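Everything below concerns the one structure shown next.
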Amino acid sequence: MDTLVFLGTGDAMGVPRVYCDCDVCMEARTTGTNRRLRSLVMIEGPEGGFLIDCGPDWRAQMESQGLRFAEKILVTHAHFDHIGGLPEWADACRWLGRKGELYAPQEVIDTILKQFPWLARHMNVTAVDHGIELGGWKIKGWKVCHGYNGFSYAYRLEKNGFRWVYCSDSIGLNEKEKKPLHDLDLLVLGTSFVHETAPYESRSVYDMREAAELLAEVRPKRAVYTHMSHDVDLNGDIPLPSNVELARTGMKMELA
Ligand SMILES: Nc1ccn([C@@H]2O[C@H](COP(=O)(O)O)[C@@H](O)[C@H]2O)c(=O)n1
């Protein structure tokens, strides 16, 4: 059986935010329930495992699991909070004398290699625009609106009849972008805020009110929210649809 492990559940700045003394950030610094590294998940299973994304907390996330090597990483988009750990991964590949396998859509690969041109010396890079199979999962990606910050990709994964989507960075999806979100056993959705009050045109990720509307439309059996900022207090009483839970650092779920 495959397991999904949430190694990072935070937004681009993580929790606590360096500059912030709010209650959630202070709690994150002390007891730590709200301590959140940048969003990254690991899929583990008998046919092999892989990571989705490789943000700047990748090193700490590997250490937290006692992992010494990541062989395969699938990337959603080329923003710092999702690719900032790639140079450290490349260094690990170099010093271990092993090639990593990096997977992403071609336009994402182009941006990554422009920013970190030496990566290609230490890893094989594969475009996934026509789909890919990893760990026995049939995976199809599609481009999703990331609002003010441009675009990201979401991935739909299917194996042994279990269907789930990882969509960490999106907002205001149109009908075409929503289509692969139907008939899901699990939707992992990024929701940076409970209720984000910034002007819509300055925003880049769903908030939890908008996410509830999306879920009412696409009706996954279950949903997990991730990519959460310091607006989200895991000790608080956040109104959520009955089939939704909030991801916690280190949380594991069976994908069956
Ligand atoms: N072209 C860009 C634009 C933004 N970034 C980084 O992405 C993060 C955006 O945060 P979200 O709330 O939209 O997830 C932030 O770390 C920006 O610095 C980038 O790398 N490239």
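Note that the structure is predicted; figures quoted are calculated from it, not measured. Computed over heavy atoms, backbone and side chain alike; hydrogens, waters and symmetry mates excluded. Whatever order the structure lists them in is the order used to number ligands and atoms, beginning at 1.
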How does His227 reach ligand 1, if at all, at less than 4.0 Å between non-hydrogen atoms: by side chain, backbone, both, or neither?
side chain
Is it the case that more than 12 heavy atoms not belonging to Tyr148 sit under 6.0 Å from its OH atom?
no
Evaluate the side-chain proximity of Trp89 to Met123: yes if any heavy-atom separation is below 4.5 Å, no if none is.
yes
Nearest-neighbour protein heavy atom for atom 12 (O) of ligand 1, which is reported as residue plus atom name and distance:
Ser204 OG, 3.5 Å
Minimum-distance protein heavy atom relative to atom 21 (N) of ligand 1:
His79 CD2, 3.3 Å
With heavy-atom distances below 4.5 Å as the criterion, would you say the side chains of Ile43 and Leu4 are in contact?
yes
Asn34 and Glu27 side chains, donor-acceptor separation under 3.5 Å
yes
Could a heavy atom of His146 be found less than 4.0 Å from some atom of ligand 1?
yes
Parallel, tilted or perpendicular for His82 and His77, by the 30°/60° rule?
tilted
Salt bridge (Lys or Arg N to Asp or Glu O under 4.0 Å), paired with Arg38, selected from Asp169, Asp81, Asp57
Asp57
Is any heavy atom of the protein nearer than 4.0 Å to atom 14 (O) of ligand 1?
yes
among protein heavy atoms, the one nearest atom 10 (O) of ligand 1 is Ala12 CB, 3.3 Å
Heavy-atom nearest neighbour in the protein, as seen from atom 18 (O) of ligand 1, with distance rounded to 0.1 Å
Phe80 CB, 4.7 Å
As a test of understanding, state which of Leu189, Val165, Leu215 forms a side-chain contact (heavy atoms from CB on, under 4.5 Å) with Leu181.
Val165
Do Glu175 and Glu217 touch side chain to side chain, with heavy atoms closer than 4.5 Å?
yes
Using protein heavy atoms only, decide if any is under 4.0 Å from atom 3 (C) of ligand 1.
yes
Polar proximity ligand 1 side, Asn149 side, N/O cut 3.5 Å exclusive:
yes
Numbered atoms of ligand 1 (with element) below 4.0 Å of Asp169, judged on heavy atoms
14 (O)
Of the backbone atoms (N, CA, C, O) and the side-chain heavy atoms from C-beta on, which set of Asp11 has a member under 4.0 Å from an atom of ligand 1: side chain, backbone, both, or neither?
neither
For atom 8 (C) of ligand 1, what is the closest protein heavy atom, and at what distance to 0.1 Å?
Asp81 OD1, 3.3 Å
